[in-house]
K.L.:
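Supplied in structure tokens, the structure appears directly below.
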Amino acid sequence: MNITIHTTSLPHNDPDASLAFYRDVLGFEVRSDVGQGRMRWITVGPAGQPGTSILLAPPAADPGITEDERRTVTEMMAKGTYGWILLATPDLDATFEKVRAGDAEVVQEPTEQPYGIRDCAFRDPAGNLIRIQELR
């Protein structure tokens, strides 16, 4: 079997702020940007890796969720407990400084974890947790 991860999704509540974070702070390429206003679906991905993308999507756009579910998602996003992703870099310290300089909310400075990973963490403009691990 030959399966790869093509796209994962993270919610946004401000497409312009999310676009600026992923494009300008993380340096991702914009692959597509469709819709208008807050109802925009923006696909971004790391330069040189066209087969891997993140879809930044409005969480309330799914017609299959109820108003209660929509409220729960909104509350979880506000607390930063709804969406998260793990990224990786060979130079964690330089990446951390660049992301911090982009005014991202720092959750954790570079730390050696007891399970053998060195990582740091930020929140994107929607509150999603972005953990960045150091490749070794």
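Computed from heavy atoms alone, side chains included, the values below leave out hydrogens, waters and symmetry copies.
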K.L.:
Are Ile54 and Val30 linked, directly or through other ILVMFWY residues, by side chains that come within less than 4.5 angstrom of each other?
P.N.:
yes
K.L.:
Any side-chain heavy atom of Leu19 sitting closer than 4.5 Å to one from Leu56?
P.N.:
no
K.L.:
Compare all side-chain heavy atoms of Met39 with those of Pro58 and state whether any distance is below 4.5 angstrom.
P.N.:
yes
K.L.:
Show every donor-acceptor pair shorter than 3.5 Å between a side-chain atom in residues 70-78 and any protein atom, with sequence neighbours excluded, or say none if there are none.
P.N.:
{"residue": "Arg70", "atom": "NE", "partner": "Ala60", "partner atom": "O", "Å": "3.2"}
{"residue": "Arg70", "atom": "NH1", "partner": "Glu67", "partner atom": "OE2", "Å": "2.8"}
{"residue": "Arg70", "atom": "NH2", "partner": "Ala60", "partner atom": "O", "Å": "3.0"}
{"residue": "Arg70", "atom": "NH2", "partner": "Asp62", "partner atom": "O", "Å": "3.2"}
{"residue": "Arg71", "atom": "NH2", "partner": "Asp68", "partner atom": "OD1", "Å": "2.2"}
{"residue": "Thr72", "atom": "OG1", "partner": "Asp68", "partner atom": "O", "Å": "3.0"}
{"residue": "Thr74", "atom": "OG1", "partner": "Arg70", "partner atom": "O", "Å": "2.9"}

K.L.:
Check the surroundings of atom CD in Gln36: do more than 12 heavy atoms from other residues, nucleotides or ligands lie under 6.0 Å from it?
P.N.:
no
K.L.:
Just verifying a value: how many Å separate Phe28 CZ and Gln49 CD, rounded to the nearest 0.5 Å?
P.N.:
8.0 Å
K.L.:
When you look at CG of Leu135, are more than 12 heavy atoms from neighbouring residues, nucleotides or ligands closer to it than 6.0 Å?
P.N.:
yes
K.L.:
Is Leu26 reachable from Ile85 through a run of hydrophobic residues whose side-chain heavy atoms are each under 4.5 Å from the next?
P.N.:
yes
K.L.:
According to a 4.5 Å side-chain heavy-atom criterion applied to Ile, Leu, Val, Met, Phe, Trp and Tyr, with indirect links allowed, do Leu10 and Leu87 form part of one hydrophobic cluster?
P.N.:
yes
K.L.:
Considering only distance and modelled atom types, tabulate donor-acceptor pairs under 3.5 Å from the side chains of residues 90-102, sequence neighbours left out.
P.N.:
{"residue": "Asp91", "atom": "OD1", "partner": "Ala94", "partner atom": "N", "Å": "3.1"}
{"residue": "Asp93", "atom": "OD1", "partner": "Arg118", "partner atom": "NH2", "Å": "2.7"}
{"residue": "Asp93", "atom": "OD2", "partner": "Arg118", "partner atom": "NH2", "Å": "3.4"}
{"residue": "Thr95", "atom": "OG1", "partner": "Thr89", "partner atom": "OG1", "Å": "3.1"}
{"residue": "Thr95", "atom": "OG1", "partner": "Asp91", "partner atom": "O", "Å": "2.9"}
{"residue": "Glu97", "atom": "OE1", "partner": "Arg100", "partner atom": "NH2", "Å": "3.0"}
{"residue": "Glu97", "atom": "OE2", "partner": "Arg100", "partner atom": "NH2", "Å": "2.8"}
{"residue": "Lys98", "atom": "NZ", "partner": "Val25", "partner atom": "O", "Å": "2.8"}

K.L.:
As an exercise, state the distance from CD1 of Ile42 to CG of Asp33, rounded to the nearest 0.5 Å.
P.N.:
4.5 Å
K.L.:
Donor-acceptor pair, His12 side chain versus Pro59 backbone, under 3.5 Å?
P.N.:
no
K.L.:
Do Trp84 and Phe122 share a hydrophobic cluster, counting only Ile, Leu, Val, Met, Phe, Trp and Tyr and linking them when any side-chain heavy atoms are less than 4.5 Å apart?
P.N.:
no
K.L.:
Can you find a heavy atom in the side chain of Asp16 that is under 4.5 Å from one in the side chain of Arg40?
P.N.:
yes
K.L.:
Throw together a table of side-chain donor-acceptor distances under 3.5 angstrom for residues 125-132, partners on residues two or more places apart or in other chains.
P.N.:
{"residue": "Asn128", "atom": "ND2", "partner": "Pro11", "partner atom": "O", "Å": "2.9"}
{"residue": "Asn128", "atom": "ND2", "partner": "Asp124", "partner atom": "OD1", "Å": "3.3"}
{"residue": "Asn128", "atom": "ND2", "partner": "Asp124", "partner atom": "OD2", "Å": "2.9"}
{"residue": "Arg131", "atom": "NE", "partner": "Asp119", "partner atom": "OD2", "Å": "3.0"}
{"residue": "Arg131", "atom": "NH2", "partner": "Gln108", "partner atom": "OE1", "Å": "2.7"}
{"residue": "Arg131", "atom": "NH2", "partner": "Asp119", "partner atom": "OD1", "Å": "3.2"}
{"residue": "Arg131", "atom": "NH2", "partner": "Asp119", "partner atom": "OD2", "Å": "2.9"}

K.L.:
Is the shortest side-chain heavy-atom distance between Val44 and Arg31 below 4.5 Å?
P.N.:
no
K.L.:
Which distance, rounded to the nearest 0.5 Å, do you find between the CZ of Phe21 and the CZ of Arg123?
P.N.:
11.5 Å
